[in-house]
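Structure first, commentary second.
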There are 4 protein chains.
Amino acid sequence: MSPRNVEKDLQQREQRINRILDSALEIIAVKGIGSVSINHIAAAAGMSIGNMYHYFKSKDEIISEILRRGQTSYGEHVSGLAKQQGNALDKLLLLCESWLAMENNWAYTILIHTARLSDASSDEIRRAVTERFTNNLGPVATVMEQGQQEGLVVSGTPVELAYYFVSLIQGLTLQKLPGAEVPIRAQARSIVSLFAARPGL
Amino acid sequence: MSPRNVEKDLQQREQRINRILDSALEIIAVKGIGSVSINHIAAAAGMSIGNMYHYFKSKDEIISEILRRGQTSYGEHVSGLAKQQGNALDKLLLLCESWLAMENNWAYTILIHTARLSDASSDEIRRAVTERFTNNLGPVATVMEQGQQEGLVVSGTPVELAYYFVSLIQGLTLQKLPGAEVPIRAQARSIVSLFAARPGL
Amino acid sequence: MSPRNVEKDLQQREQRINRILDSALEIIAVKGIGSVSINHIAAAAGMSIGNMYHYFKSKDEIISEILRRGQTSYGEHVSGLAKQQGNALDKLLLLCESWLAMENNWAYTILIHTARLSDASSDEIRRAVTERFTNNLGPVATVMEQGQQEGLVVSGTPVELAYYFVSLIQGLTLQKLPGAEVPIRAQARSIVSLFAARPGL
Amino acid sequence: MSPRNVEKDLQQREQRINRILDSALEIIAVKGIGSVSINHIAAAAGMSIGNMYHYFKSKDEIISEILRRGQTSYGEHVSGLAKQQGNALDKLLLLCESWLAMENNWAYTILIHTARLSDASSDEIRRAVTERFTNNLGPVATVMEQGQQEGLVVSGTPVELAYYFVSLIQGLTLQKLPGAEVPIRAQARSIVSLFAARPGL
DNA sequence: CATGAATGAGGTTTCATTCAT
DNA sequence: GATGAATGAAACCTCATTCAT
């Protein structure tokens, strides 16, 4: 019926949405969180302000979607890692390295905390973000448990250890935000070794 | 006119400044960082908007001063702790407990990161905040070093360990921000034990 | 291509137009006049925004057409009533009852006044609406005149009486608009009796 | 304490508020209700847009205040009328004449109905407007009752008669809105006589 | 004929800062 | 010192209309 190419339209829509989200994240990363205005996002995405609202109901929804994608993709990453071959410490090392190496992770992290803190964010967003964060602890906890059985990881409640591990990495991530970087380099190996059971213990 | 008045004026000035800073921090803690407007601060401090500018050149200066005081007082706290009697692990435990117990620490922490991230913040502010953060690592590093000499703390560059320790605590602090708290309780003892050399090692 | 198709096309066009007008009126009635956007009408009518402009040149034309149909149909109703058998008071009673009973009459009435008031409305629309309103007084005036000859209706210029009668009904209609209804019930019989010559006078 | 002249400030504030309200009503009267934007009101009042918000929390509050003042002043007018010397019909005549003579009454009337209809208006505004409207019927009902005791007014529930009387006047008022006036002149004397008991009845 | 993406102006509101009093 | 009115830029969002497909 429709003279429009529906499939192509959907593809284009997908592309636009990605462009918006990428632009928004880019702005946060480059100019800081205070600059994430619809105005700036629209300019960066090369579209009109009004048109943004064809793709997102509100600015909040954009932020919310960035968070969802970021956390989901991170969750899959961690989940995949947990299922791979290898001992627990190697997995933790990999996780730590990949996280610290990734550019713009501080942007995600700041975004997460800002979203959870902001007045503007609806309770729903806050709950969703926190819930995903908590869920993402799962695979890390699994790795911790595996490590304990292997005798490679310190004793303690696995999920609590995971909580510390992730918080530590996030804390370090925040120290790396641009403009004023703390002049100390984090070493993945050293971090993981904090969670390692000492041989002969 | 009399010298008494000058002194009294100075006292009053001091009081006003404190009132402003306290009100601002209170607002951040209660209503969130998005709500910190000169308007709200003035109302909370019980003064007129215009009068605020007799005490601070700009809103930025208020934020900046809150940070300076917070970080300085924290620095003194840590510094005092390092000089006290006792073994390193006890000191770390004390530090960890006092930090996790303190209400509104997340407000300071968020404030620090926001200030460092914000466009609005001048480079100077960012540098100052980061510099104080780095300086405050000093006493913790000293404690780490002491612990290593006592055989109680894991090996590694002391300042790096201090960096991890503080980042971990800050990371945990951010998870506790109100509205959506992660349903896992952090245990100071468990955290400190990550940095403990195992007996018999 | 075949003549059948042309006819069918015309039918469909008619249907679409009706669907649009009905949806628009429905929205006004349910959600209020502030919500009548092309967007909403299109959604309610189950068509695309762009397609609306194949049937109407502008939003104004939609509103204008709703008014035209509403006023025309009301005019026919009144005109038919005037020509029926029966005495004048019975006719007025019937008119009054049917108007007060009809749901959504307030929507038409508000629409009429809004259209006449709005900047947006062209002078032409305003004139057309007012002219139809004035014309619709004719049959009512005829009934008044008939009533005076029957000795049943108070004396006075018939068209002026008609003007009062219709204004009274419209005034009452507006009091019934949803959200805050005046807690007094209008009685058609009482209203008509205001225009009745008292027996024995 | 304050070097400002408090009394003068209050006076000036009062003046500004009046200026805003007058300008808003003027705009409604001259340009139509669609043009009542903060923009236009500010321009008409000769102040900046932002400054409007020192005097009113929102546009809604401005509208709401106009309504409150208009209805209150009308209520006092009617109430005063009811208490004056003279027979009921004279009072009704006076009321009718003064209302029909007053310029911009249609603006109030339209405003009342728009406020009650608008989505934007909070339920509270709607309730307040309707309640004041209902209350304002009281004095008119008193006059009706007085008239019935004098044998000058038709029989019927006084408040119902008042309801018809006011609705009729409001209905007529709406017909007079500018741009397209119905070419029939309302005569106060004729209107009142609809409510008059005929002598000898 | 049908679609809905795109535009840009305009709406309401907030806010840091200045300034006359 | 003290006040709060005043400003103007910028934020978010809506909407009638156009146009390529």
Side-chain angles (χ1 to χ4, degrees), chain A residues 1-6 8-10 12-13 16 34-42 46-60 62 120, chain B residues 5 9 12-13 16 34-43 47-62 120, chain C residues 9 12-13 16 34-43 47-62 120, chain D residues 1-6 8-10 12-13 16 34-42 46-62 120:
Chain A
M1 281 293 176
S2 165
R4 295 276 284 270
N5 186 333
V6 175
K8 197 175 151 198
D9 275 13
L10 275 178
Q12 210 185 36
R13 187 177 177 84
R16 296 275 194 192
S35 300
V36 202
S37 69
I38 290 285
N39 241 333
H40 291 149
I41 300 176
M47 20 191 326
S48 74
I49 296 173
N51 199 21
M52 307 278 299
Y53 288 85
H54 277 287
Y55 299 100
F56 294 96
K57 263 204 310 276
S58 66
K59 181 189 160 184
D60 240 50
I62 295 175
Chain B
N5 274 355
D9 280 6
Q12 207 188 30
R13 185 178 177 83
R16 300 269 195 184
S35 301
V36 203
S37 70
I38 289 284
N39 238 329
H40 291 150
I41 299 176
M47 342 180 11
S48 72
I49 297 170
N51 202 18
M52 309 273 299
Y53 285 84
H54 280 292
Y55 299 101
F56 293 97
K57 239 184 1 246
S58 68
K59 181 189 161 183
D60 242 50
E61 209 183 62
I62 295 176
Chain C
D9 281 6
Q12 208 188 33
R13 185 178 176 84
R16 299 269 195 186
S35 301
V36 203
S37 70
I38 289 285
N39 239 327
H40 291 151
I41 299 175
M47 337 177 18
S48 73
I49 298 169
N51 202 17
M52 308 273 300
Y53 285 84
H54 282 291
Y55 300 102
F56 293 97
K57 237 184 4 243
S58 67
K59 182 188 160 185
D60 242 50
E61 208 183 64
I62 295 175
Chain D
M1 282 295 177
S2 165
R4 295 276 282 269
N5 185 334
V6 175
K8 197 176 151 198
D9 275 13
L10 276 179
Q12 209 184 37
R13 188 178 177 83
R16 297 277 194 193
S35 299
V36 203
S37 69
I38 290 285
N39 240 334
H40 291 148
I41 299 176
M47 20 191 325
S48 74
I49 297 174
N51 199 22
M52 306 281 298
Y53 287 85
H54 277 287
Y55 299 100
F56 294 97
K57 264 205 310 276
S58 66
K59 182 189 160 185
D60 238 50
E61 208 183 63
I62 295 176

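To find a chain, count down the sequence lines: A is the first, B the second, and so on, and within it residues start at 1.
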Side-chain N or O of C:Arg16 closer than 4.0 Å to phosphate OP1/OP2 of E:dA2: yes
Would you kindly compare D:Tyr55 and B:Gln12 by the position of their nearest DNA chain F nucleotide and give the one closer to the 5′ end? B:Gln12
Give the rounded distance in Å between these two atoms: NE2 of A:His54 and C1' of E:dA5. 5 Å
How many Å lie between CG on D:Leu10 and C1' on F:dG4, as a whole number? 12 Å
Looking only at non-hydrogen atoms, find the nearest pair between B:Met47 and B:Tyr55 and report the distance. CE-CE1, 3.8 Å
Nearest-nucleotide comparison on DNA chain E, the residue closer to the 5′ end among C:Met52 and A:Met47: C:Met52
The criterion is side chain to side chain donor-acceptor pair (under 3.5 Å); which residues satisfy it with D:Gln12, sequence neighbours excluded? none
Spacing of CE belonging to A:Met52 relative to CD1 belonging to A:Ile62, to within rounding of 0.5 Å: 4.0 Å
Identify which nucleotide among E:dT18, F:dA5, F:dA2 has an atom closest to any side-chain atom of B:Tyr53, counting heavy atoms from C-beta outward. E:dT18
For D:Ser48, all residues meeting side chain to side chain donor-acceptor pair (under 3.5 Å), sequence neighbours excluded: none
Residue list, side chain to side chain donor-acceptor pair (under 3.5 Å) with B:His54, at least two apart or on another chain: none
Taking atom C1' of F:dA6 as reference, at what distance in whole Å does atom CG of D:Asp9 sit? 13 Å
Sorted by chain and residue number, the side chain to side chain donor-acceptor pair (under 3.5 Å) partners of D:Ser37 (sequence neighbours excluded) come out as D:His40
Rounded distance (Å) that lies between atom P of F:dC13 and atom CD1 of A:Ile41: 10 Å
Go nucleotide by nucleotide along DNA chain E from the 5' end; which of D:Lys57 and B:Ser58 gets its closest nucleotide reached first? D:Lys57
Watson-Crick and G-U pairing of DNA chain F written in dot-bracket, each distance under 3.5 angstrom, with | for inter-strand partners: .||||||||||||||||||||
List every contact pair, protein side and nucleotides 8-11 of chain F side both N or O, where the distance is under 3.5 Å.
from, atom 1, to, atom 2, distance (Å)
F:dA11, OP2, A:Asn39, ND2, 3.2

Would you say A:Arg13 reaches E:dG4's phosphate, i.e. side-chain N/O to OP1/OP2 under 4.0 Å? no
For B:Ile49, check side-chain contact (heavy atoms from CB on, under 4.5 Å) against everything at least two apart and list the hits. B:Ile38, B:Asn39, B:Ala42
